[in-house]
Protein chains: 2
Amino acid sequence: MRKGAETRERILEIAEASVLAKGFGATSIEEVIAEAGITKSGFFYHFKDKNELARALMLRYVEENDRIFDDVFHRGRQLSDDPLQSFLITLKLLAELMGDLPNGHPGCLIATFTYQERLFDRSVREIAASAVRSWNGRFRDALNEIASVYPAHKDMDLDDVAIMFSCVIDGGIIMSRGLGDPRVLERQILAFRSFVKMLFAPAAPDIMLPPAHTAVAAE
Amino acid sequence: MRKGAETRERILEIAEASVLAKGFGATSIEEVIAEAGITKSGFFYHFKDKNELARALMLRYVEENDRIFDDVFHRGRQLSDDPLQSFLITLKLLAELMGDLPNGHPGCLIATFTYQERLFDRSVREIAASAVRSWNGRFRDALNEIASVYPAHKDMDLDDVAIMFSCVIDGGIIMSRGLGDPRVLERQILAFRSFVKMLFAPAAPDIMLPPAHTAVAAE
DNA sequence: GTGAAAACCATACCGCCGGTACAGTAAATT
DNA sequence: AATTTACTGTACCGGCGGTATGGTTTTCAC
């Protein structure tokens, strides 16, 4: 029972790496099982077909990302009571997290999957879409909280700003990979962070530095 | 001779749509030739293997995008002498272009390819990387021109802002697709446009409205 | 109009892969 | 000790990427 879960996890790990490097269609089950050290029968014991592998990969990815966001938002809120400062800290932590990855970000499963939508059934696409909506909702909530305290720039829709963060992350991953420079993603997140700062502190950004005990992570 | 070019073009058209819907690895040559109404021999007359198809797809995509950027930047410069206004017009035109696509943006080949890098040889990846660098350079040049006239916000690196635009486009395409809402991309470009406005006109954006004869496209 | 090059078609074949089917087995759990 | 879990082994099917080879039609240059 526990051994089965371990094998399953190993399969998912190997398959995810392959999917992010070659795409789902080009990910061969035979390669995966060779690397995992099991037989084809063993694979189909855990996943009845390739589509169920896709669903499992997606669920796993969404859950792990949820955990990361939970953590980083939680720590942001711990380090400051001010919604703006807390969000800026969260963004800084995220940027650090991305910069600390030795080989750069491994890739966003949601991005690959949306570029291969025809390969998956509705359920897989729904998992991805609702996860994206949930993350965008998180960002928007954080922005709304800030906007209830700080005056926001008028001609910016906060919904769009929230979605833009998702765009910057996914786009940043693509740019990092395509340009072969892992630090692009980190810089992009920090650039978005400056954008948020500017959005809520257009006139005199120096005024709203965080209190001393939260200043370390915020700047 | 001319007929050959037509067939080749038809193959590329069909293959591109398939690649953007299923990925390169899952794009079957047999499906492509069936839709194109040719035989397998006919296909391999034009492309000696699948990798050469990939290279041709990439070259075609880069050239078309170059044309689009040429056009939209040229028209932006035509409509205003002011570098900021001209860039804002360019962004507006781009947003309109994206919004007018009936089924949403078909997808960015560069994005798919970077998520399937292991399938292509170095030459294909180099074409993609240098194209991205060239487009980022265009944006950065436009921003530098603006910065030579308008004071820019200090803690924003213009290189990062330029790359961010690429991120917003690629991310916007993914979000549009994933959320099933084609208008997200247009809104994201316009949001980035507001960001640029804010970046160069933080204190009093109303002051620098364009002269009357360029006002239509700019706002 | 003719010859040559270009643009294909037809057929046959190889090996890999996704997937199915089914029979068997070692280990963990109850 | 019985049962479930977690696999292995073997055999097979059809589809696909790719190669090879030889033939046929269309187009263009002269």
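Just so we're on the same page: letters track the sequence lines, and every chain starts at 1. Nothing here was measured: the structure is a model prediction, and the numbers come from that model. Worth knowing before you read on, the calculation uses all heavy atoms, side chains too, and leaves out hydrogens, waters and symmetry mates.
- A side-chain contact (heavy atoms from CB on, under 4.5 Å) with A:Phe165 holds for exactly one of A:Leu94, A:Asp170, A:Leu143; it is A:Leu94.
- Residues B:Phe47 and B:Ile11 form a side-chain contact, since some pair of their non-hydrogen atoms from C-beta on lies under 4.5 Å apart.
- Using a 4.0 Å cut-off between a side-chain N of Lys or Arg and a carboxylate O of Asp or Glu, B:Asp71 and B:Arg75 qualify as a salt bridge.
- The interatomic distance linking B:Glu6 (CD) with C:dA6 (C1') rounds to 14 Å, in whole Å.
- Taking atom OH of residue B:Tyr45 and atom P of nucleotide D:dT19, one finds them 17 Å apart after rounding to whole Å.
- The nearest whole Å value for the distance from the CD1 atom in A:Ile38 to the C1' atom in D:dT10 is 17 Å.
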Between the protein and nucleotides 13-17 of chain D, which nitrogen or oxygen pairs come in under 3.5 angstrom?
| from | atom 1 | to | atom 2 | distance (Å) |
| --- | --- | --- | --- | --- |
| D:dG17 | OP1 | B:Thr27 | O | 3.3 |
| D:dG17 | OP1 | B:Ile29 | N | 2.8 |
| D:dG17 | OP2 | B:Ile29 | N | 3.0 |
| D:dG17 | OP2 | B:Glu30 | N | 3.3 |
| D:dG17 | N7 | B:Lys40 | NZ | 3.3 |

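- The environment of CZ in B:Arg183 is sparse: at most 12 heavy-atom neighbours from other residues, nucleotides or ligands sit within 6.0 Å.
- Atom CG in A:Leu119 sits roughly 13 Å away from atom P in C:dG18 (whole-Å rounding).
- Taking atom NZ of residue A:Lys48 and atom P of nucleotide C:dT20, one finds them 9 Å apart after rounding to whole Å.
- For B:Ser86 and B:Ser80, the side-chain atoms include no donor-acceptor pair closer than 3.5 Å.
- When side chains are defined from C-beta on, A:Val161 counts as touching A:Phe192, because their heavy atoms get closer than 4.5 Å.
- B:Arg55 and B:Ser123 form a side-chain donor-acceptor contact under 3.5 Å, judged by distance and modelled atom types alone.
- If you measure from atom CZ of A:Phe47 to atom P of D:dC7, you get 11 Å, rounded to the nearest angstrom.
- Atom CD1 in A:Ile33 sits about 18 Å away from atom P in D:dA6, given to the nearest Å.
- Between the CG atom of A:Asn51 and the C1' atom of C:dT20 there is a distance of 17 Å, rounded to whole Å.
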N/O-N/O pairs, protein side and nucleotides 21-26 of chain C side, under 3.5 Å:
none

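- Residue B:His46 places at least one side-chain N or O closer than 4.0 Å to OP1 or OP2 of C:dC8.
- Residues A:Leu119 and A:Phe113 are not in side-chain contact: their nearest non-hydrogen atoms beyond the backbone lie 4.5 Å or more apart.
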